[in-house]
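Here's the structure, in C-alpha cells; my notes come after.
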Amino acid sequence: MTKSLCDFFKTIDGVSKKNIVSPSILSADFANLESEIKKTAQFGAQWCHIDVMDGHFVPNITIGAPVVKSLRNVTKLKLDSHLMIENPLKYISDFINAGSDIITFHIEAAENCAKECIEMIKSAGVLAGVSIKPNTPVDVIKGLLPFVDMVLVMTVEPGFSGQKFMPEAARKVKEIKDLVGYLGLSELIIQVDGGINAETAKICAEYGANCFVAGNYVYKNPDVKSAIQSLLEV
Ligand code: DX5
Ligand code: ZN
C-alpha cells in the first residue's frame, strides 16, 4: 500500500514543515556521500535527491541503482530517485529493489508506457512522480495527474547541476496547481528542480510548489543549515 503523503512531509523528529527539501547529491562530495547526506538530515532535510542519468536521455552519466542500495543502508532520509533515462520501464524495478521511497520518470522518455511505469512504482508501495522538461507542456501529463503522487517541473534542462533557473518553466507550476484544485487532488506534491535557491524557491512556492530540490545551493553552501532552513519555510 502506498504510504501516506503526510508521512513524507514530516521531519525525523515528527515535526511537520511547510515544504519538503530534497538536496541533490549531484553537488555533494562523492568520496564522502554518507557524511554529506547526514549533514543535510541533521539540518532538517527530509529527502535525498538522486539524479540518475544515462548519457542518452541527457548528455551526462551519473549514478545507478547500486548507489541507491548503499545509501539505503546509511540514511533514513526518503530516497528520491529522479530517473533521467531512456526506457524507464526497464529499470524501475532496480530502483524499487534498491530501496527508493520516491521514483520519478520523465514523460518524454515514457510516452507509450507512462501508466505502466506508475503502476509498477505504486504497486511496490513507492511514491510515483512524473517529470516534464522545460519545453514540455503541462497538457502532456494532464491525464496522469490523478494517478501520480508527485509532479516534477524541471526549471533547467536536465543533465547538469549549477545551471540558471528558468522562470518561464516555473510558471507551469501554477498551471499544475490550478489543475490540482480543479481535479480535487489536494495531496499532490509539486516538486521543482534546477537552479533552486531561497529567491527562486520563493517564486515557485508562490506558484504552488511544495517540494524543493537543490544541488549547488545546499551542498556548495558554506552555511548548509541556513540554506535548508530557507527552503523548508519559503
Ligand atoms: C539536473 C538535476 C538536478 C540538479 C540540480 O538535471 O536534475 O537535480 O542536480 O542542481 P542545482 O540545484 O545546482 O541546479
Ligand atoms: Zn534532479
Side-chain angles (χ1 to χ4, degrees), residues 19-30 33 36-37 40 43 45-65 67-68 71 77-86 88 91-92 95 100-110 127-136 148 150-170 172-173 189-205 209-224 226-228 230-232 234:
N19 302 311
I20 297 168
V21 176
S22 190
S24 163
I25 58 169
L26 197 54
S27 299
D29 175 1
F30 273 47
L33 272 186
E36 288 276 83
I37 289 167
T40 70
F43 295 138
Q46 306 98 323
W47 291 11
C48 168
H49 189 81
I50 301 157
D51 285 307
V52 179
M53 305 188 190
D54 66 354
H56 292 277
F57 182 72
V58 289
N60 195 8
I61 300 175
T62 55
I63 302 163
V67 175
V68 178
L71 293 180
L77 291 184
K78 307 297 179 197
L79 297 180
D80 172 24
S81 297
H82 175 193
L83 307 187
M84 287 162 277
I85 60 174
E86 298 288 0
Y91 296 99
I92 280 169
F95 287 88
S100 303
D101 294 288
I102 305 99
I103 298 177
T104 300
F105 65 91
H106 270 265
I107 191 64
E108 301 88 354
L127 294 195
V130 64
S131 182
I132 48 174
K133 297 204 284 185
N135 292 325
T136 302
V148 292
M150 181 169 91
V151 173
L152 164 52
V153 175
M154 289 303 301
T155 45
V156 298
E157 281 299 335
F160 300 92
S161 58
Q163 301 182 76
K164 197 167 177 288
F165 176 77
M166 297 168 74
E168 61 284 4
K172 288 186 288 181
V173 169
I189 298 169
I190 306 180
Q191 184 179 64
V192 284
D193 180 8
I196 297 298
N197 55 37
E199 201 178 303
T200 56
K202 188 167 187 295
I203 298 169
C204 296
N210 54 8
C211 182
F212 299 96
V213 175
N216 273 16
Y217 180 60
V218 169
Y219 278 111
K220 305 282 191 220
N221 202 310
D223 188 349
V224 173
S226 301
I228 291 172
S230 71
L231 300 177
L232 281 171
V234 71

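First listed ligand is number 1; within each ligand, the first listed atom is number 1. Numbering of residues begins at 1 and proceeds along the displayed sequence.
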Do any N or O atoms from the side chain of N210 and from the backbone of I189 form a donor-acceptor pair under 3.5 angstrom? no
The protein N, O or S atoms lying under 2.8 Å from the Zn ion (ligand 2) are H49 NE2, D51 OD1, H82 ND1, D193 OD2
Does F165 reach ligand 1, in the sense of a heavy atom lying below 4.0 Å from it? no
Ligand-side contact atoms (ligand 1) for residue partner H82, heavy atom cut-off under 4.0 Å: 7 (O)
Taking only heavy atoms of A214 into account, list the atoms of ligand 1 that are under 4.0 Å away from them. 12 (O)
Any nitrogen or oxygen of G215, side chain or backbone, less than 3.5 Å from one on ligand 1? yes
Applying ring pair (Phe, Tyr, Trp, His ring centres under 6.0 Å), can you list everything that pairs with H49, at least two apart in sequence or on another chain? H82
Checking S22 against D80: is there a side-chain donor and acceptor pair closer than 3.5 Å? yes
Under 4.0 Å to a heavy atom of P158 - the qualifying atoms of ligand 1, by number: 6 (O)
Out of all atoms in ligand 1, which are within 4.0 Å of some heavy atom of M84? Include the element for each. 6 (O), 7 (O)
Sub-4.0 Å heavy-atom approach of M53 to ligand 1: yes
Short N or O distance, Y217 and ligand 1, threshold 3.5 Å exclusive: no
Using heavy-atom distances, let me know which of T104, D193, N216 sits nearest atom 8 (O) of ligand 1. D193
Need the ligand 1 atom indices (1-based, order shown) with element for anything under 4.0 Å from a heavy-atom of M154. 7 (O)
Any side-chain donor near an acceptor of the partner, Y217 and S230, under 3.5 Å: yes
Of all heavy-atom pairs between V192 and L152, which one has the smallest distance, and what is that distance? C-CD1, 4.1 Å
Which atoms of ligand 1 have any heavy atom of V213 under 4.0 Å away? 8 (O)
Can you tell me which portion of S24 lies within the under-4.0 Å heavy-atom range of ligand 1? Options are side chain, backbone, both, or neither. side chain
Would you say L26 has any N or O atom under 3.5 Å from an N or O of ligand 1, going by distance alone? no
